[in-house]
Number of protein chains: 2
Amino acid sequence: MFELDIRSRTPIYEQLVEKFVELIVTGVLKADEQLPSVRTLATQVTINPNTIQKAYRELEVKGYIYSVKGKGSYVKASEFIQDDSKKVEALAKLDKAIKEALYLGVSPEELLLHIKKQIN
Amino acid sequence: MFELDIRSRTPIYEQLVEKFVELIVTGVLKADEQLPSVRTLATQVTINPNTIQKAYRELEVKGYIYSVKGKGSYVKASEFIQDDSKKVEALAKLDKAIKEALYLGVSPEELLLHIKKQIN
DNA sequence: CTAAGTGTACTATTATGCGTAGTACAGTTA
DNA sequence: TAACTGTACTACGCATAATAGTACACTTAG
């Protein structure tokens, strides 16, 4: 499903969180789609189920998934994340990314073109 | 100069790196401007000089600053970072930020407006 | 009803990385 | 030459990450 970088300084459970967030916001994983179970994914990526559970818990706290004991974990529909503070946080992150790209030599025109391509 | 979050999970030296990058890409720190010395900053923020040195080394590896033994550390002019792989990396980061903002309910119009404001 | 799945939580252990303290060397400059 | 600068090293303690193991509660299909 995806590969983890064991040697990365980023903890394994954080890498999992990042990858699931990416799959969710890009629509690869859709609302109410079931995630692999903690034990199944643990076997697939050869890490401890507790580590998976830690990632799933963080995804739940952040509002990307919901879990039902005995049933599984599911992608949460995005309209349930109508949390303005998360929007603000996302825009702040975007601001940093824009400034960094401009500083590294991406022209404003190139940037806008790139962004428009992303939006459609 | 800036405050560090001792309780953050992000290591102190990484927080330093992030803050310096922010100051550099926003133009607060300009090309060839000298950074505070390792020992001075250590005293200012009350952490060990070795920790500062670790942050400065990472900034240097990433190409944001250069250091001269016996003299000091300076902001590197951005045109010296004409490294296409960094541009690609920056745009990838931007892509993630865009997708996350859209997912969290920011409308494409709102997003474009926001970005245009940032560019000017 | 039961077996096989699911999530969740806990303890204990180990390894790794972070930050510190201390020290020392090499370079610059007034 | 003194006072600054960067750089590098060792050793230590602490916190966190990941693991192994175990167990409980819920769901569901047969």
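Quick note on labels: first sequence line is chain A, next is B, and so on, each numbered from 1. Heavy-atom basis, side chains included; hydrogens, waters and symmetry copies ignored.
- Each of A/Ile12 and A/Gly70 was assigned the nucleotide of DNA chain D with the nearest heavy atom; the assignment lying further toward the 5' end belongs to A/Ile12.
- Using a 4.0 Å cut-off, some side-chain N or O of A/Tyr13 falls inside it from OP1 or OP2 of D/dA17.
- One atom, CD of A/Glu14, and another, P of C/dG17, lie 17 Å apart when rounded to the nearest Å.
- Toward the 5′ end of DNA chain D lies the nearest nucleotide of A/Thr46, the other residue of the pair A/Thr46 and A/Val68 mapping further downstream.
- With rounding to whole Å, B/Ile6 atom CD1 is found 13 Å from D/dT16 atom P.
- Taking atom CG of residue B/Leu41 and atom P of nucleotide D/dT5, one finds them 11 Å apart after rounding to whole Å.
- For the pair B/Gln53 and D/dT7, the criterion of a side-chain N or O lying under 4.0 Å from OP1 or OP2 is met.
- The phosphate of D/dA17 (OP1 or OP2) has no side-chain N or O of A/Thr51 nearer than 4.0 angstrom.
- Between the side chain of A/Arg9 and the base of C/dG17 there is no donor-acceptor pair of N/O atoms closer than 3.5 Å.
- If you check D/dA8, D/dT5, D/dA20 against the side chain of A/Asn48, the one that comes closest is D/dA20.
- When the side-chain nitrogen and oxygen atoms of A/Ser67 are compared with OP1 and OP2 of C/dG7, none of them lie within a distance under 4.0 Å.
- The pair A/Lys87-B/Glu100 does not count as a salt bridge, with every side-chain nitrogen at least 4.0 angstrom from each carboxylate oxygen.
- Put simply, NZ on A/Lys54 is 13 Å from P on C/dC10, counting in whole angstrom units.
- A side-chain N or O of B/Glu60 and one of B/Ser67 form a donor-acceptor pair less than 3.5 Å apart.
- The base of C/dG7 lies close enough to the side chain of A/Arg39 for a donor and an acceptor atom to sit less than 3.5 Å apart.
- B/Val25 and B/Tyr66 end up in different hydrophobic clusters when Ile, Leu, Val, Met, Phe, Trp and Tyr side chains are linked at under 4.5 Å.
- B/Lys86 approaches B/Lys62 most closely through the heavy-atom pair CE-O, 3.1 Å.
- OP1 or OP2 of D/dT5 has not a single side-chain nitrogen or oxygen of B/Ser73 nearer than 4.0 Å.
- The residue B/Thr40 sits close only to the backbone: its heavy atoms come under 4.0 Å of sugar-phosphate atoms, none of a base.
- Distance CD1 (A/Ile47) to P (D/dA17): 13 Å, rounded to an integer number of Å.
- Between B/Leu59 atom CG and D/dT7 atom C1' there is a gap of 16 Å when expressed in whole angstrom units.
- In this structure, the nucleotide among C/dT28, D/dT19, D/dA8 sitting nearest to the side chain of B/Lys71 is C/dT28.
- Comparing D/dT19, D/dA17, C/dG7 by their nearest atom to the side chain of A/Asn50 picks out D/dT19.
- Rounded to an integer number of Å, the gap from B/Leu35 CG to D/dC4 P is 19 Å.
- Inspection of the A/Tyr13 and A/Asn50 side chains reveals no N or O donor paired with an N or O acceptor under 3.5 Å.
- Distances shorter than 4.0 Å separate none of the side-chain N or O atoms of A/Tyr56 from OP1 or OP2 on C/dG7.
- Ion pair A/Arg9/B/Glu14 flagged as a salt bridge, since at least one NZ, NE, NH1 or NH2 atom sits closer than 4.0 Å to an Asp/Glu carboxylate oxygen.
- A straight line from CG of A/Leu4 to P of D/dA18 spans 10 Å, rounded to a whole angstrom.
- When distances are taken from the side chain of B/Lys69 to each of C/dG19, C/dA26, D/dC9, the shortest belongs to C/dA26.
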